Amino acid sequence: MNSTIRLEPSGKEVDCRSGDTVLAALERSGFVMPNNCRAGACGECKTLVTDGDIDQGIVLDMALSPDERDEGYGLMCMAKPVSSVVSIEFGTDDAKPRLFPPKDRVSFAVTDILPRTPKIVEVRLRPLGENLRYWPGQYVMLGDERAGAPPRSYSIANAPRPDGELHLLIARVEDGATSGWVHDTLEVGDRVTVAGPYGTFVGDAATDTPVLCLASGSGLAPIMALTDAALRRGFPHPVTIVFSARGVEDEVDEGMFAFWTLKHRKFNSVITYTGDDAPAGAKHRGRIPVVLPGLFTDLSNHTIFIAGSPEFVDACRASVAELGADPDHVHVEGYYPQAPAESPPAHRLTG
Ligand SMILES: Cc1cc2nc3c(=O)[nH]c(=O)nc-3n(C[C@H](O)[C@H](O)[C@H](O)COP(=O)(O)OP(=O)(O)OC[C@H]3O[C@@H](n4cnc5c(N)ncnc54)[C@H](O)[C@@H]3O)c2cc1C
Ligand code: FES
């Protein structure tokens, strides 16, 4: 039996094919729901069912307690509608994803510090308590006041994982207090406290267009998280990353680019080199605004994500506007020095 899933409070409706879970039906229609295990074990997709009936399937009590079941909650990765209409609490008035309220102090262990370029290290953090819940594209504040490193914003470079690990790409800034501390003092095995998640640079749940991502340097971090999440959930439209590097030394994630290219027909990556140290035979040279018109003639039907230094973001925004991009579909994350953390607006927070 095919069913309709109604999203409250927006009233939007999604078709659910016979045999599909609610999560699968939402994803097929372009809506993003948090999920980690897709097997009824983690509780990440817990949602209130406000009307209609579901077959919950077999799930762990740990993920959905008997009390929560009585209150009407279900795990959407396993739940299948058994009535013609099932209403669930999902998203805001305009069906945008609800964001998780930021927490002040969450403890992590540093499990790895990997040099990724001469200027950028990847810091891997594992939660010592509960996982930090976030949407791909958001960032955390990391620092250690006692060590003279004031909390600074760092975008999470991976989509949420069952083990809660966070990957940060942190560039050394000359005379930078916190980036210097990360590069020179922080060690594997240290305990750190982060705050977050912050920001609204997240994928729009209903994106139904090709996606173009533009990044340079550690601006690649939120782009990697967004792309990782989109490809994992089978986003049906083309996803292109254009990354600007001075030379081969600046290439950060070419391994993941290669993997995604082999695994996902719709993924494409382009590296453009702006300095003298470009590899022989480099296909693209010059800044993104210079190469973009050669790659795309019309961006009016694209959703665009841009991340990096404020100057990079401004230049790319102007360039995509010239190619017809709709400003409502251009999302930017400028790495402003010492910018205060941006808490998501209250109407977009869960709970
Ligand atoms: C939303 C957001 C997300 C961010 N995500 C990341 C990320 O994922 N990875 C990352 O590496 N950084 C990121 N940043 C930048 C980061 O928060 C810090 O600003 C950066 O690490 C510098 O901090 P610092 O304490 O080392 O330098 P500070 O001690 O604050 O600054 C030292 C000097 O360098 C100047 N300066 C600061 N930043 C820069 C810069 N980028 N380029 C040139 N000069 C600078 C300052 O004006 C000052 O004169 C992000 C910023 C924002 C707002
Ligand atoms: S995604 Fe883990 S319980 Fe649904």
Side-chain angles (χ1 to χ4, degrees), residues 21-24 26-27 32-47 56-65 68 73-79 116-117 119-123 131 133 137-145 147-158 160-162 166-186 194-202 215-225 232-233 252-253 306-313 331-344:
T21 62
V22 175
L23 174 64
L26 288 177
E27 290 179 339
V32 189
M33 173 176 268
N35 68 86
N36 256 332
C37 68
R38 306 177 83 90
C42 73
E44 191 73 12
C45 63
K46 197 179 302 168
T47 301
Q56 178 56 90
I58 298 170
V59 301
L60 299 184
D61 275 0
M62 202 175 68
L64 181 70
S65 70
E68 287 169 332
Y73 285 91
L75 298 181
M76 298 302 109
C77 66
M78 300 295 282
R116 300 300 298 271
T117 76
K119 272 185 72 178
I120 298 178
V121 289
E122 178 177 318
V123 177
N131 290 1
R133 299 184 74 192
Q138 289 195 289
Y139 62 92
V140 291
M141 303 285 287
L142 169 71
D144 181 353
E145 294 279 11
R152 299 277 190 245
S153 309
Y154 295 106
S155 303
I156 304 167
N158 60 304
R161 301 168 23 139
L166 304 185
H167 300 175
L168 309 176
L169 294 176
I170 302 188
R172 182 194 283 280
V173 167
E174 212 179 307
D175 299 325
T178 304
S179 62
W181 163 75
V182 168
H183 279 255
D184 300 332
T185 310
L186 196 66
V194 309
Y198 297 108
T200 53
F201 187 67
V202 299
S216 75
S218 57
L220 193 59
I223 298 295
M224 292 303 283
R232 275 209 243 158
R233 74 182 163 89
V252 186
D253 260 311
I306 308 171
S309 70
E311 304 73 36
F312 173 84
V313 167
H331 309 275
V332 302
E333 188 76 300
Y335 284 3
Y336 291 92
Q338 299 179 40
E342 180 213 354
S343 278

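Indexing begins at 1, ligand by ligand and atom by atom, following the structure's order. Not measured: the values here are computed from a predicted model.
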- One finds that the ligand 2 atoms under 4.0 Å from a non-hydrogen atom of Ala41 are 3 (S)
- Atoms in ligand 1 with a heavy atom of Tyr139 nearer than 4.0 Å: 1 (C)
- Query: Once you round to the nearest 0.5 Å, how far does CD1 of Ile156 lie from OH of Tyr139?
  - Reply: 11.0 Å
- Message: Please check whether Leu169 reaches ligand 1 - meaning an N/O of the residue sits under 3.5 Å from an N/O of the ligand, judged on distance alone.
- Response: yes
- Query: Would you find a donor on one side and an acceptor on the other, under 3.5 Å apart, between the side chain of His167 and the backbone of Asn158?
  - Reply: no
- Is a donor on one side and an acceptor on the other found under 3.5 Å between the side chain of Tyr198 and the backbone of Ser153? no
- Please identify which atoms of ligand 1 are closer than 4.0 Å to at least one heavy atom of Glu333. 1 (C)
- Query: Roughly how far, to the nearest 0.5 Å, is the CG atom of Leu64 from the SG atom of Cys45?
  - Reply: 9.0 Å
- Which of the ligand 1 atoms, numbered from 1, are nearer than 4.0 Å to a heavy atom of Ser179: 21 (O), 24 (P), 26 (O)
- Message: Nearest 0.5 Å, please: how far is CE in Met33 from OG1 in Thr21?
- Response: 9.5 Å
- Mark up the atoms of ligand 1 that fall under 4.0 Å of a heavy atom belonging to Ile170, in ascending order. 11 (O)
- Message: How long is the straight-line distance from CZ of Phe312 back to OG of Ser216, given to the nearest 0.5 Å?
- Response: 4.5 Å
- For atom 48 (C) of ligand 1, is the nearest protein heavy atom closer than 4.0 Å? no
- Task: Report the part of Ile120 (side chain from C-beta onward, or backbone N, CA, C, O) that has a heavy atom under 4.0 Å from ligand 1; answer both or neither where that applies.
- Result: neither
- With no hydrogens and no angle check, is any side-chain donor or acceptor of His183 less than 3.5 Å from a backbone partner on Ile170? yes
- Quick one: look at Val173 and ligand 1, take heavy-atom pairs under 4.0 Å, and tell me if it's side chain, backbone, both or neither. side chain
- Task: State the atoms of ligand 2, each with its element, that fall below the 4.0 Å cut-off from a heavy-atom position in Gly43.
- Result: 2 (Fe), 3 (S)
- Report the member of Pro222, Ser218, Pro337 with the shortest heavy-atom distance to atom 10 (C) of ligand 1. Ser218
- Should you measure from each heavy atom of Ala177, which atoms of ligand 1 turn up under 4.0 Å away? 24 (P), 25 (O), 26 (O), 27 (O), 28 (P), 29 (O)
- Task: May I ask you to check whether Gly180 has an N/O atom sitting below 3.5 Å from an N/O atom of ligand 1?
- Result: no
- Task: List every atom of ligand 2 that sits less than 4.0 Å from any heavy atom of Arg38, numbering the atoms from 1 in the order shown and giving each element.
- Result: 1 (S), 2 (Fe)
- Run the contact test for Ala63 against ligand 2 with a 4.0 Å cut-off on heavy atoms, strictly below, and give the result. no
- Using atom types as modelled and distance alone, determine if a side-chain donor or acceptor of Arg172 lies under 3.5 Å from a backbone N or O of Gly180. no
- Check whether any N or O atom of Tyr154, backbone or side chain, sits under 3.5 Å from an N or O atom of ligand 1, and answer yes or no. yes
- Query: Which residue and non-hydrogen atom of the protein lie closest to atom 33 (C) of ligand 1, and at what distance in Å?
  - Reply: Glu174 O, 4.0 Å
- Item | For Gly40, atoms of ligand 2 separated by under 4.0 Å from a heavy atom | 3 (S)
- Item | Expected output: side-chain Thr178 to main-chain Pro150 donor-acceptor under 3.5 Å | yes
- Indicate yes or no: at least one non-hydrogen side-chain atom of Leu168 is less than 4.5 angstrom from one of Glu122. no
- Item | Pick from Ser153, Ser155, Gly199: the one approaching atom 2 (C) of ligand 1 most closely through a non-hydrogen atom | Ser153
- the protein heavy atom lying closest to atom 31 (O) of ligand 1 turns out to be Gly176 CA, 4.2 Å
- Would a distance-only check, ignoring hydrogens and angles, find a side-chain to backbone donor-acceptor pair under 3.5 Å from Gln138 to Gly199? yes
- Give the residue, atom name and distance (to 0.1 Å) of the protein heavy atom nearest atom 28 (P) of ligand 1. Arg152 NH2, 3.7 Å
- Which residue and heavy atom of the protein sit nearest atom 11 (O) of ligand 1, plus the separation: Ala171 N, 2.8 Å
- Query: Looking at ligand 1, does Pro150 have a heavy atom less than 4.0 Å from it?
  - Reply: no
- Taken in chain and number order and not counting sequence neighbours, the residues that satisfy side-chain hydrogen bond (donor to acceptor under 3.5 Å, both in side chains) with Lys119 are none
- Option nearest atom 5 (N) of ligand 1 (shortest heavy-atom distance, choices Tyr335, Tyr198, Tyr336, Phe201): Tyr335
- Answer yes or no: is there a donor N or O on one side and an acceptor on the other, between the side chain of Gln56 and the main chain of Leu75, under 3.5 Å? yes
- Val123 side chain near Leu169 side chain, heavy-atom distance below 4.5 Å: no
